[in-house]
2 protein chains.
Amino acid sequence: MLPSLKNLEYLVTLSKYLNFSKAAKACFVSQSTLSAGITKLEQDLDACLVERSNKSVKFTKIGLSVVNQANIVIHSTKDLIDVTKVDFFHSHITIGIIPTISAYLLPNFINNLKVAYPKLKLTFIEDKSEVLLKKIQTMEIDFAIFAFPYDIPNNIETYTIFKDPLLFIHHKGRKQSNVKQQELLLLEQGNCLRDQIISSCKIKKNQISDCSCSSLATLIAMVNMNSGVSLLPKMAIQQNILTPYPDIQINKNTLAQASRDIGIIYRKKNSQAKNILKTAKLIQCPF
Amino acid sequence: MLPSLKNLEYLVTLSKYLNFSKAAKACFVSQSTLSAGITKLEQDLDACLVERSNKSVKFTKIGLSVVNQANIVIHSTKDLIDVTKVDFFHSHITIGIIPTISAYLLPNFINNLKVAYPKLKLTFIEDKSEVLLKKIQTMEIDFAIFAFPYDIPNNIETYTIFKDPLLFIHHKGRKQSNVKQQELLLLEQGNCLRDQIISSCKIKKNQISDCSCSSLATLIAMVNMNSGVSLLPKMAIQQNILTPYPDIQINKNTLAQASRDIGIIYRKKNSQAKNILKTAKLIQCPF
DNA sequence: GATTAACTATCGTAAAATACGATTATTATA
DNA sequence: TATAATAATCGTATTTTACGATAGTTAATC
């Protein structure tokens, strides 16, 4: 039978004092308890560990080996407690982030993290909202930087940090102010920004162009060619994403008040929720 | 608080099955017991280890670390059980032996041991009976090869193997048959053979020579010079110890029936007593 | 939207382990 | 022979552990 840790501790203490009463005192138990513990241990291990007389306590060879091994067991158990005391800010965390945010937020965020929590090790995973959501569920990532609105399951918590306006962009040669049929360029299906633009601006289906882009860069290039109009997150524009395209104009009034929310998601049951929020507070609005 | 080994095993099993009911079955306990065990473990460690839902069991990072460390603890506990299962005949034992026996008995004994128990490692300690007795008490040696009679404390067990006759030796030029005053050469005080000769032969004090020897070799040399007479263990003579001394004669009749007993001593409480006796049975009478 | 199936948590009770204090037993020493 | 030191044992109280039954939760199905 497996020995109990407590009895192993009794044995180790006894090996130091070689006296049941003194060892018992050191273990904060009665002499009879320690005596019974040692006896129990010998039964569990089916071995004679200690030879007692009223004048001396002698450990057998096996007893001494058991003391050595017991020390290993006790120390590795204490290590086990240490393992649980790892501080979040001294550990390694994995953060998900969607591509339409990543480039505009991360540089500053990483910087802030390095300053605030220099021991925190980071891994970023950039993927679509849907994929990140799954990885949150499977605990592959600790939290994800998301854009809302997004349909969030109710075991996931959200925390919004700031509002990111979506600004109307078009070629400077374009004169009309309303969006024509098939004119609105959007990212591909499955990209949350696409859906957010549609819901935020009450877009009609027939206004959306047949052609869709897999990245903002492509989309901007197409607007620059006057293949259509679109909306861009303010944080992207702020990052001078339009500098190479002097022919694109930003119209702050058309489709006004369109916006998405930037924030994080994490599992409601995550025991590190507080620390995750502390971490998320270092995400800065770039404008 | 220190976690219990059992609960650690529950956790490790749970990490394999990721299902409380199945893990419980594998541990041969009820689902409620395993559930309570995991909860208790989390309390003991003051950490969230597992996130349960009706649909899945997920280990937290800390939970996974604890599983790893728990494996170490459990395995080192099982090693501890192995430690107690060390077979006497695969271990290292230390045997005491007195000098007046050593040379005549050991070569054969060691040979027998090597054949019977090839894995048994041996250390021999050669010293006076008194010293060996102390080392038996302190468990420095497992048993000792002794010559009797000897005053043995009653926590020590004796086991006699054979009788070793003590033979009268004298210079061949010597004519008389009784032992004169100051004629009997003996080993120094403290050597058990001295006392055994005195008690076995009812020697009178005035028969003992003033001169005493510290080894049998010296004693024989003195007999060879006709400085006195003495008694020699038969096992020594058998070993051709007298071959270099053709002037010494052995008188088998004088002081006849003088003898010592050869055997072993060991602590009564020694849990390996049976194996010690098995070992001792390989000590052979050399004649 | 009710039902089912697959889960884990919880509750009450029974059994087992553990602890304690007092006592007994042993033995070396004064 | 008495004393002092020490470990074992005994009876009782407490704590822990285990179990079965039940409740509670949630995703999937009808």
Side-chain angles (χ1 to χ4, degrees), chain A residues 1-11 13-45 48-60 63 133-134 137-138 151-156 267-269, chain B residues 1-11 13-45 48-60 63 133-134 137-138 153-156 267-269:
Chain A
M1 199 189 137
L2 276 186
S4 95
L5 277 179
K6 203 168 281 187
N7 289 343
L8 290 178
E9 288 190 309
Y10 292 165
L11 188 80
T13 309
L14 181 62
S15 78
K16 284 177 193 149
Y17 290 89
L18 294 175
N19 176 305
F20 277 66
S21 304
K22 285 172 191 163
K25 191 168 283 183
C27 291
F28 305 104
V29 295
S30 71
Q31 174 264 318
S32 62
T33 297
L34 192 120
S35 174
I38 301 295
T39 304
K40 176 68 164 39
L41 191 56
E42 289 183 313
Q43 283 170 9
D44 287 347
L45 297 178
C48 171
L49 307 175
V50 183
E51 279 172 17
R52 310 88 147 144
S53 79
N54 57 339
K55 219 54 205 165
S56 70
V57 169
K58 286 169 194 156
F59 276 67
T60 64
L133 203 50
K134 270 193 188 149
Q137 302 270 17
T138 59
D151 191 25
I152 303 287
N154 64 4
N155 64 328
I156 302 288
R267 281 175 313 109
K268 269 185 183 158
K269 291 189 176 175
Chain B
M1 199 187 136
L2 276 186
S4 96
L5 278 179
K6 204 168 282 186
N7 290 343
L8 290 178
E9 288 191 309
Y10 291 166
L11 187 80
T13 309
L14 181 61
S15 77
K16 285 178 194 152
Y17 290 89
L18 293 175
N19 176 306
F20 278 65
S21 305
K22 285 172 191 163
K25 192 168 280 182
C27 292
F28 306 105
V29 295
S30 70
Q31 175 264 318
S32 62
T33 298
L34 192 119
S35 175
I38 301 295
T39 305
K40 176 68 165 37
L41 191 56
E42 289 183 313
Q43 284 169 7
D44 287 347
L45 297 179
C48 171
L49 307 175
V50 183
E51 277 170 17
R52 311 86 148 144
S53 80
N54 58 340
K55 221 52 204 166
S56 69
V57 169
K58 286 169 194 155
F59 275 67
T60 64
L133 204 49
K134 269 192 189 151
Q137 302 271 17
T138 59
N154 64 5
N155 64 328
I156 301 288
R267 279 174 315 109
K268 271 185 183 159
K269 290 187 177 176

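So that the names make sense, note that chain A is the first sequence line, chain B the second, and so on, each numbered from 1.
- Residue A:Leu34 contributes atom CG, which lies 9 Å from atom P of D:dA7 at whole-angstrom precision.
- Contacts between residues 4-11 of chain A and DNA chain C, defined by a heavy-atom separation below 4.0 Å, involve A:Lys6, A:Tyr10, listed by number.
- Under the side-chain hydrogen bond (donor to acceptor under 3.5 Å, both in side chains) criterion, A:Asn19 pairs with no residue at all, not counting sequence neighbours.
- In this structure a side-chain-to-backbone donor-acceptor pair under 3.5 Å is missing from B:Thr60 to B:Val50.
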| said: Please encode protein proximity along nucleotides 11-16 of chain D as a string of B, S and -, counting only heavy-atom distances under 4.0 Å. | reply: ------
Per-pair distances, 0.1 Å, donor-acceptor, side chain in residues 27-38 of chain A, under 3.5 Å, sequence neighbours excluded:
{"from": "A:Ser30", "atom 1": "OG", "to": "A:Ser32", "atom 2": "OG", "distance (Å)": "3.1"}
{"from": "A:Ser30", "atom 1": "OG", "to": "A:Thr33", "atom 2": "N", "distance (Å)": "3.2"}
{"from": "A:Ser30", "atom 1": "OG", "to": "A:Thr33", "atom 2": "OG1", "distance (Å)": "2.9"}

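- In terms of heavy-atom proximity, B:Thr13 sits nearest to B:Ala26 at CG2-CB, 3.8 Å.
- Looking at residues two or more places apart in sequence or on another chain, you find a side chain to side chain contact (heavy atoms under 4.5 Å, CB included) between B:Leu18 and B:Val57, B:Phe59.
- Of the residues in residues 24-33 of chain B, B:Phe28, B:Val29, B:Ser30, B:Ser32, B:Thr33 come within less than 4.0 Å of DNA chain D through at least one heavy atom, sorted by number.
- The span of DNA chain C lying next to chain A, judged by atoms under 4.0 Å from heavy atoms, is bounded 5' to 3' by C:dT18 to C:dA28.
- Contact annotation: A:Thr39 does not reach the phosphate of D:dA8 (side-chain N/O to OP1 or OP2, under 4.0 Å).
- Every pair passing salt bridge (Lys or Arg N to Asp or Glu O under 4.0 Å) that includes a residue from residues 32-42 of chain A is listed here, sequence neighbours excluded: A:Lys40-A:Asp44, A:Glu42-A:Arg52.
- One interatomic measurement links the two molecules: CD1 of A:Ile156 to C1' of D:dT26, which rounds to 15 Å at whole-angstrom precision.
- For residues 20-32 of chain A, the set of pairs meeting the salt bridge (Lys or Arg N to Asp or Glu O under 4.0 Å) definition, not counting sequence neighbours, is empty.
- Under 4.0 angstrom from either OP1 or OP2 of D:dA8 there lies at least one side-chain N or O belonging to A:Arg52.
- A straight line from CG of A:Asn19 to P of D:dA5 spans 11 Å, rounded to a whole angstrom.
- The rotation axes computed at either terminus of the helix from C:dG1-D:dC30 to C:dA30-D:dT1 lie 10° apart, taking five pairs at each end and rounding to 10 degrees.
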Show the atom names and distances, to 0.1 Å, of all donor-acceptor pairs under 3.5 Å that link a side chain in residues 1-10 of chain A to residues at least two apart or in another chain.
{"from": "A:Ser4", "atom 1": "OG", "to": "A:Lys6", "atom 2": "N", "distance (Å)": "3.4"}
{"from": "A:Ser4", "atom 1": "OG", "to": "A:Asn7", "atom 2": "N", "distance (Å)": "3.1"}

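- Residue B:Ser21 is in base contact, counting any heavy-atom pair closer than 4.0 Å across all strands shown.
- A:Leu18 has its CG atom 12 Å from the P atom of D:dT6, to the nearest Å.
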